[in-house]
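Just so we're on the same page: letters track the sequence lines, and every chain starts at 1.
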Protein chains: 2
Amino acid sequence: MATGRTHRPATRSRGIPEATVARLPLYLRALTALSERSVPTVSSEELAAAAGVNSAKLRKDFSYLGSYGTRGVGYDVEYLVYQISRELGLTQDWPVVIVGIGNLGAALANYGGFASRGFRVAALIDADPAMAGKQVAGISVQHSDGLEKIISDNGVSIGVITTPPGVAQAVCDRLVAAGVTSILNFAPTVLTVPDGVDVRKVDLSIELQILAFHEQRKAGEEAAANENAVPAPAGRADSTDQGPDGDVPAVMPA
Amino acid sequence: MATGRTHRPATRSRGIPEATVARLPLYLRALTALSERSVPTVSSEELAAAAGVNSAKLRKDFSYLGSYGTRGVGYDVEYLVYQISRELGLTQDWPVVIVGIGNLGAALANYGGFASRGFRVAALIDADPAMAGKQVAGISVQHSDGLEKIISDNGVSIGVITTPPGVAQAVCDRLVAAGVTSILNFAPTVLTVPDGVDVRKVDLSIELQILAFHEQRKAGEEAAANENAVPAPAGRADSTDQGPDGDVPAVMPA
DNA sequence: CCATCTTTGTGCACGCGTTCACAAAGACAT
DNA sequence: ATGTCTTTGTGAACGCGTGCACAAAGATGG
């Protein structure tokens, strides 16, 4: 998973646990695949396997939405697709703006998964005047001067930030001031927002670092079988030999 | 946050809770910024604010690593940077391969956050013969025929998958067979891997769907103040009016 | 109509993660 | 040396999420 958890204090939104909400898109994807293969019904066991979760967990998750299954049979695929879509708010159209059209911004603009799921890229915005007018994913990039107008004209409530970290907070502030209340942040920065605004964070390098931790542990276990030496790192390395380099959060593509 | 949690059964790896491991990169980033500003020490309160977490949580997290603070003073920034880096395994160099050089793959290849944190892009791999030899982020793209040799020659243990979902599992299988034991998956697919292999998943569209859920709830609360009608959706919509379209998991950029 | 079989929906217990609140530890001044 | 003040490190309580295991519900067949 990515990372963000700059989220509401785990307030159980309308009775549906946050953990369940996070899994609904997973179920929806699996159900959609079944729907295309014209499978009429599916048991919790089968669907759980397809979504990569435990069947008991899946049933409990669905129980928060209501009693949509039939005992002895399973769940009606089409019906469940509709119910989950409705619950997630995907039956309506969500206009989205992407701010910062670098490599990552362009990748997102081209990402088919958005358009097909109720999200519509309303505008691509970049601060570089040279980018203005350029076509990306069939959409003309607009200069950030017009950000506020774009937001209000299109009724945008969801913004995606793919700018360098240095300007992310400033962009965020402008988005929020213009009326955006949900932000998906790809910049490696902690965003501060007023109450009522949701921020989710996707941090590419954090994911790798977590993998590295486990990878190191795997390697360490084999080595640990040999030596039985001091597990404690000994007092204060006073190191001048830390990481490879100074290592700024690193400028993002855009 | 992103999504993946296809993870070990919450086994507490060497005493450090999984939740803590996931926050260490956050602390590391904040500490690195302080280090650059030559700040010598920092209190748990200050650092917690910079990382966007609770100070009690931060102290407890650090307590799993050892007693690295000084009461009445705080934490030595440089020392803590070193300790966390070491704990995460970032003091060594991790060669990484990226498979699937589309928009997203290219974005990742260009992403500075990798190289600066102990990760080195050892190779870019794509199945399209037309891509072979092309330069992306200063690295020559190689054809996927040579995948196994590239992995073993470079001692790669971490692989990043940015392919279309249809081939993700096949790529994953080849990576694992070649010796990769950690995978970061951007393809919207559930990957099946043998024991001992870690998979983390970043799903861009899932993050947006979660935001949409909360966005809808916010909008719904205002509306709910007015009407007091049936909250239940009434029996079985039998809808032919589900989502915008058939909606496959959507082919990824690459 | 009854018996059997399948699969859901959920009560319950357990464990992880978070937060509070405070004692212990050290810095610093006198 | 002693006292005060700051900040860490952690014991304990609480709440959320997970998984087990089973009763209830419905399908299906005789």
Side-chain angles (χ1 to χ4, degrees), chain A residues 1 3 5-24 26-27 31 39-77 79-80 83 210 235-236, chain B residues 1 3 5-24 26-27 31 39-77 79-80 83 210 235-236:
Chain A
M1 102 188 167
T3 333
R5 185 76 4 114
T6 321
H7 229 33
R8 69 195 56 232
T11 309
R12 184 166 295 199
S13 320
R14 131 89 190 294
I16 301 183
E18 194 57 33
T20 295
V21 172
R23 280 188 294 268
L24 289 182
L26 238 56
Y27 302 145
L31 284 164
V39 177
T41 63
V42 65
S43 72
S44 63
E45 204 71 48
E46 293 165 328
L47 184 54
V53 302
N54 180 301
S55 73
K57 193 186 297 187
L58 179 145
R59 287 199 300 276
K60 181 148 289 195
D61 282 342
F62 285 176
S63 77
Y64 291 116
L65 307 183
S67 277
Y68 292 156
T70 306
R71 296 173 191 231
V73 176
Y75 299 92
D76 182 286
V77 172
Y79 183 58
L80 205 46
Q83 288 299 341
I210 296 173
R236 202 147 277 220
Chain B
M1 95 186 167
T3 332
R5 188 77 1 115
T6 320
H7 229 34
R8 70 194 58 234
T11 309
R12 183 164 296 198
S13 320
R14 130 89 190 294
I16 300 183
E18 193 58 31
T20 294
V21 173
R23 280 188 295 267
L24 290 182
L26 238 55
Y27 302 144
L31 285 164
V39 177
T41 62
V42 65
S43 72
S44 64
E45 204 72 47
E46 293 166 328
L47 185 54
V53 302
N54 182 299
S55 73
K57 194 186 295 187
L58 178 143
R59 286 199 301 277
K60 178 143 288 195
D61 283 341
F62 284 176
S63 77
Y64 291 116
L65 307 183
S67 279
Y68 292 156
T70 306
R71 298 176 191 229
V73 176
Y75 299 92
D76 182 286
V77 171
Y79 183 58
L80 205 46
Q83 288 299 341
I210 296 173
R236 202 148 276 219

Colleague: Of A:R23 and B:D61, whose nearest nucleotide on DNA chain D comes first from the 5' end?
Modeller: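 Looking at DNA chain D, the more 5' nearest nucleotide goes with B:D61.
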
Colleague: Whole-Å distance between C:dA25 C1' and B:Y68 OH?
Modeller: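 From B:Y68 OH to C:dA25 C1': 18 Å.
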
Colleague: Starting from the 5' end of DNA chain C, give me the residue, A:V73 or A:S63, whose nearest nucleotide shows up first.
Modeller: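 Final value for this comparison: A:V73.
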
Colleague: Does A:F62 have its ring centroid less than 6.0 Å away from the ring centroid of A:Y68?
Modeller: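 No - the distance between ring centres of A:F62 and A:Y68 does not fall below the 6.0 Å cut-off.
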
Colleague: Could you state the atom-to-atom distance from CD of B:E45 to P of C:dT19 in whole Å?
Modeller: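 Distance check: B:E45 CD to C:dT19 P gives 13 Å.
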
Colleague: At 4.0 Å (heavy atoms only), tell me whether B:Y75 reaches a base, stays on the sugar-phosphate, or touches nothing.
Modeller: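 Sugar-phosphate only.
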
Colleague: Any side-chain N or O of A:Y64 under 4.0 Å from OP1/OP2 of D:dG17?
Modeller: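 So the side chain of A:Y64 is outside the cut-off, no N or O lying under 4.0 Å from OP1 or OP2 of D:dG17.
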
Colleague: Nearest to the side chain of A:A19, which nucleotide is it out of D:dG9, D:dG17, D:dA27?
Modeller: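 The closest nucleotide is D:dG17.
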
Colleague: Take atom CG of A:L58 and atom P of C:dT7, then tell me their distance rounded to the nearest Å.
Modeller: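 In whole Å, C:dT7 P and A:L58 CG are 14 Å from each other.
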
Colleague: A:R59 CZ to C:dT6 P: how many Å, rounded?
Modeller: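 Taking atom P of C:dT6 as the reference, CZ of A:R59 is at 15 Å.
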
Colleague: Write down the distance between CG (A:D76) and P (D:dG26), rounded to a whole number of angstrom.
Modeller: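 It works out to 16 Å between those atoms.
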
Colleague: Tell me the interatomic distance from A:K57, atom NZ, to C:dG9, atom C1', rounded to whole angstroms.
Modeller: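 Between C1' of C:dG9 and NZ of A:K57: 17 Å.
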
Colleague: Within the modelled atom types, does a donor on one side and an acceptor on the other bring the side chain of A:K60 and the base of D:dG19 under 3.5 Å apart?
Modeller: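 Indeed, a donor on one side and an acceptor on the other fall under 3.5 Å apart.
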
Colleague: Nearest to the side chain of A:R71, heavy atoms from C-beta on, is which of C:dC20, D:dG26, D:dA24?
Modeller: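 For A:R71, the side-chain atoms sit closest to D:dA24.
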
Colleague: On DNA chain D, nearest-nucleotide positions of A:A56 versus B:G74: which is more 5'?
Modeller: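 Nearest nucleotide further toward 5': that of B:G74.
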
Colleague: Less than 4.0 angstrom between a side-chain N/O of A:S44 and OP1 or OP2 of C:dT8, yes or no?
Modeller: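 For A:S44, the contact criterion (side-chain N or O under 4.0 Å from OP1 or OP2 of C:dT8) is met.
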
